[in-house]
Amino acid sequence: MARWDTGEGLRFFADHVWEAFGKLDAEFDEEIQGIADGAAARGVDVSKDVLVAWNGYNELLGGWWTTCHPDTNVKPVWARSGPHRCSAFVCTGEASANGKVVMAHNTWDRYAMGDNYNIVLDITPGSGHRMLMQAVPGYISSTMDWAVTDAGLMITESTIGGFDGFAAGLDPEFQRSRRAAQYSGSMREWYRTMCKDNNGGYANTWLLGETGTKRIARVDLGLKHQGYEEQSSGYFAGYNVAADLRVRNQECSNPGEYSDIRGNGARRVRWDQLFATHQGKVDVALAQQMIADHFDVCTEEPDSPSSRTICGQSTDRTDAGARRDPPLRWGSAGSASTTGQLIAMDRRPMPAARPRSESPDPRGHRP
């Protein structure tokens, strides 16, 4: 897809990964090299540089690509392909059944890409926390993003549409998100890790939950600005528009999407409607229904999947009159050709990983 999106193959981006990302932590550099060595042992020739480019695909094409051609009209791939990517929510307290944290996410992607997101990584590192995350072969982080850890952290996100910002040489998002999941014991610690040396790559609205405290958070992570909200009762939702006013108005090209029900604003309104209807009732079964919702707020049609609905789909009928036409056929999770919906509820803690090493954090400290 790199060549289709940019005119350049993945090898081109592999040749520039160290210019874009600087360097990796020793443990993650070693892990990626291990993946390359494992592939070679099975007769697949893939270099470490290509795997780094593969891990950083979203931020290379969505951010660095513009710095590669500063004097041309090249725009970030995601800015050209439309602002819709996925839907998500996290709720707790009076919003959920039994006051527990419930999290849901569906993935919107081109079917040519979605087929790859078909594995769950179960990682027990030498130090830090055990992690379960949805990913693709060759990744060291989720990038979907969907992850739970034995620290009781629940992590998901929706991409911030229209975001345009990238700082070459700083810490790539795929490394920060892996490090944050592996070494963070709380949402605030996760947030501090994600903000440190942030390169602005793959900017997202992150939704977090703590199974121990039953608190939830929403993080709008831009390049220059970040927003952090936390609460013990209620919900946060993701709909591809930043809630933080600085991120939305100063770092995005389409701040009006927040209130425009012809676009992503429709999903924001629909989330409010659903949680008003289901206050105090949300469990895994209801979360599955909510994340598959096809009600179109703009047209008031109850079963009309489109780019405006929580379970988004590209159809000739529903998108023909929209302000934009999706460039390629795409859809949200639930199609057999993509990833399927993922729902998590904090029913019980994930078993803690058995320690395999007493070596310190390779960054020189323990969190």
Side-chain angles (χ1 to χ4, degrees), residues 78-91 95 102 104-114 156-163 204-205 207 218 234-243 248-249 252-279 281-282 285-343:
W78 313 140
R80 290 184 278 124
S81 63
H84 32 249
R85 294 290 291 171
C86 56
S87 298
F89 77 80
V90 61
C91 68
V102 182
H105 177 268
N106 61 26
T107 298
W108 302 21
D109 213 334
R110 297 170 292 183
Y111 295 132
M113 291 290 287
T156 193
E157 54 83 9
S158 65
T159 310
I160 298 176
F163 182 86
N204 295 311
T205 296
L207 306 180
R218 174 168 59 193
Y235 79 95
F236 293 120
Y239 36 84
N240 301 130
V241 181
R248 186 167 79 234
N249 289 289
C252 299
S253 61
N254 55 350
E257 284 277 342
Y258 182 84
S259 55
D260 191 340
I261 64 169
R262 295 173 299 171
N264 291 333
R267 284 186 283 155
R268 179 183 60 81
V269 172
R270 184 57 178 162
W271 280 127
D272 288 343
Q273 293 175 346
L274 287 172
F275 275 97
T277 299
H278 301 302
Q279 175 79 358
K281 303 175 183 177
V282 181
L286 186 53
Q288 290 172 331
Q289 297 177 33
M290 293 167 67
I291 203 69
D293 187 77
H294 284 162
F295 186 90
D296 189 331
V297 171
C298 183
T299 63
E300 298 187 341
E301 295 178 89
D303 189 16
S304 182
S306 72
S307 60
R308 294 183 295 267
T309 55
I310 287 173
C311 180
Q313 296 178 25
S314 166
T315 66
D316 294 336
R317 180 177 66 85
T318 58
D319 281 308
R323 294 165 301 145
R324 72 186 75 80
D325 291 323
L328 292 173
R329 300 294 291 180
W330 57 269
S332 69
S335 167
S337 62
T338 57
T339 60
Q341 293 164 352
L342 290 180
I343 309 292

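The residues of the chain are indexed from 1 along the displayed sequence. What you see is a predicted model; the values in this text were computed from it and never measured.
Residues that satisfy the side chain to side chain donor-acceptor pair (under 3.5 Å) test with Thr309, not counting sequence neighbours, are absent from this structure. The side chain to side chain contact (heavy atoms under 4.5 Å, CB included) test applied to Thr156 returns Ala88, Met103, His105, Trp146, Leu207, not counting sequence neighbours. In this structure Phe275 satisfies the ring pair (Phe, Tyr, Trp, His ring centres under 6.0 Å) test together with Phe89, Tyr235, sequence neighbours excluded. Every residue meeting the salt bridge (charged side-chain N to carboxylate O under 4.0 Å, His left out) condition with Arg270, not counting sequence neighbours, appears here in chain and number order: Asp293.
With Arg262 contributing its side chain and Glu257 its backbone, the two residues share no donor-acceptor pair below 3.5 Å. In this structure, Arg308 contributes its side chain and Gly263 its backbone to no donor-acceptor pair below 3.5 Å. With hydrogens and angles ignored, the 3.5 Å screen pairs no side-chain donor or acceptor of Arg218 with any backbone N or O of Phe236. Checking side-chain atoms of Asp296 against main-chain N and O of Glu301 turns up no donor-acceptor pair under 3.5 Å. Side-chain N or O atoms of Asn106 include one that pairs as donor or acceptor with a backbone N or O of Ile291 at under 3.5 Å. Under a 3.5 Å cut-off, the side chain of Glu300 and the backbone N or O of Pro302 do not form any donor-acceptor pair.
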Go through it in stages, so that I can follow the logic: the residues are Gln313 and His294, the test is side chain to side chain contact (heavy atoms under 4.5 Å, CB included), and I'd like the CA-CA distance, side-chain angles, deciding distance and then a yes or no. CA-CA 9 Å; Gln313 296 178 25; His294 284 162; 3.5 Å; yes
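Put simply, the side chain of Gln273 reaches to within 4.5 Å of the side chain of Phe295, judged on heavy atoms. You'll find the side chain of Ile310 reaches within 4.5 Å of the side chain of Leu274, heavy atoms only. When side chains are defined from C-beta on, Cys86 does not count as touching Tyr239, because their heavy atoms never get closer than 4.5 Å. A 4.5 Å side-chain heavy-atom check between Met290 and Val282 finds at least one atom pair inside the cut-off.
One side chain, Arg267 or Asn240, offers a donor N or O that lies under 3.5 Å from an acceptor on the other.
In terms of heavy atoms, Tyr258 sits closest to Ala242 at CD1-O, 4.1 Å. The two residues Cys311 and Pro305 make their nearest non-hydrogen contact at O-CB, 4.2 Å. The two residues Thr205 and Val241 come nearest to each other via the heavy atoms OG1-O, 4.1 Å. In plain terms, the two heavy atoms of Gly238 and Ser158 that are nearest each other are CA-OG, 3.3 Å.
Of the inter-residue distances, the one linking Trp108 atom CH2 with Ser307 atom OG reads 6.5 Å to the nearest 0.5 angstrom.
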